Amino acid sequence: MNDYRLKEQELKIVSQLKQARKQHGFSQRGLCAILNMQQPSLVKIEKGMISPQLNTILKLLEPLGLTLEVVEIDKNSEIVL
């Protein structure tokens, strides 16, 4: 998988994380307060300025009732995250 495709997948996950945060009524500041995380870090993640580590993504997803799952790639269709 090339770097462009990896970045595309990362941005899709981050976009879904941001959407879930808003759907659950969390501001960036509110979610960060729960997680004892610096709000500027979340801003950079959501803007695609930095690539979050897996443990950071999982930490952000937990209060939203979400997680990541490893699934087999269907070579005949677009990857759905």
Side-chain angles (χ1 to χ4, degrees):
M1 186 174 293
N2 64 35
D3 290 343
Y4 174 78
R5 185 75 173 139
L6 288 173
K7 187 64 176 179
E8 185 179 82
Q9 287 182 348
E10 177 186 314
L11 292 174
K12 188 172 183 178
I13 290 169
V14 169
S15 175
Q16 291 174 342
L17 172 102
K18 182 178 179 179
Q19 182 180 3
R21 174 182 62 75
K22 289 179 177 184
Q23 286 175 343
H24 282 79
F26 284 105
S27 64
Q28 289 176 335
R29 191 176 311 273
L31 182 58
C32 288
I34 290 170
L35 299 172
N36 195 25
M37 178 180 178
Q38 296 295 316
Q39 191 240 354
S41 296
L42 182 55
V43 170
K44 289 176 184 175
I45 290 169
E46 288 188 355
K47 288 186 175 186
M49 297 168 64
I50 59 173
S51 294
Q53 294 185 8
L54 178 58
N55 64 340
T56 301
I57 292 172
L58 293 171
K59 181 178 174 180
L60 288 165
L61 288 172
E62 187 175 4
L64 305 174
L66 301 171
T67 192
L68 294 177
E69 183 176 287
V70 176
V71 296
E72 190 170 336
I73 297 172
D74 179 358
K75 304 262 185 209
N76 297 322
S77 66
E78 181 180 346
I79 297 174
V80 178
L81 302 173

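Nothing here was measured: the structure is a model prediction, and the numbers come from that model.
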*Sub-4.5 Å side-chain heavy-atom contact between Y4 and E8*: yes
_Single-linkage hydrophobic cluster L58~L66, side-chain heavy atoms < 4.5 angstrom_ = yes
*Same cluster (ILVMFWY, side-chain, under 4.5 Å), L60 and L54*: yes
_Per the salt bridge (Lys or Arg N to Asp or Glu O under 4.0 Å) rule, what does the pair list look like for residues 46-55, sequence neighbours excluded?_
R21-E46
*Within a reach of under 6.0 Å around NZ of K22, are more than 12 heavy atoms found that belong to other residues, nucleotides or ligands?*
no
*Could you tell me which non-hydrogen atom of L64 sits nearest to which non-hydrogen atom of L17, and how far apart they are?*
CD1-O, 4.0 Å
*Check P52 against V14 and note the closest heavy-atom contact, atom names and distance.*
CG-CG2, 4.4 Å
Would you mind writing out the side-chain donor-acceptor pairs for residues 30-45 within the sub-3.5 Å range, not counting sequence neighbours?
{"from": "Q39", "atom 1": "NE2", "to": "Q28", "atom 2": "OE1", "distance (Å)": "3.0"}

_Distance (rounded to the nearest 0.5 Å) between Q16 CD and Q23 CD_ = 10.0 Å
*Check the side chains of E10 and S51 for a donor-acceptor pair under 3.5 angstrom, ignoring hydrogens and angles.*
yes
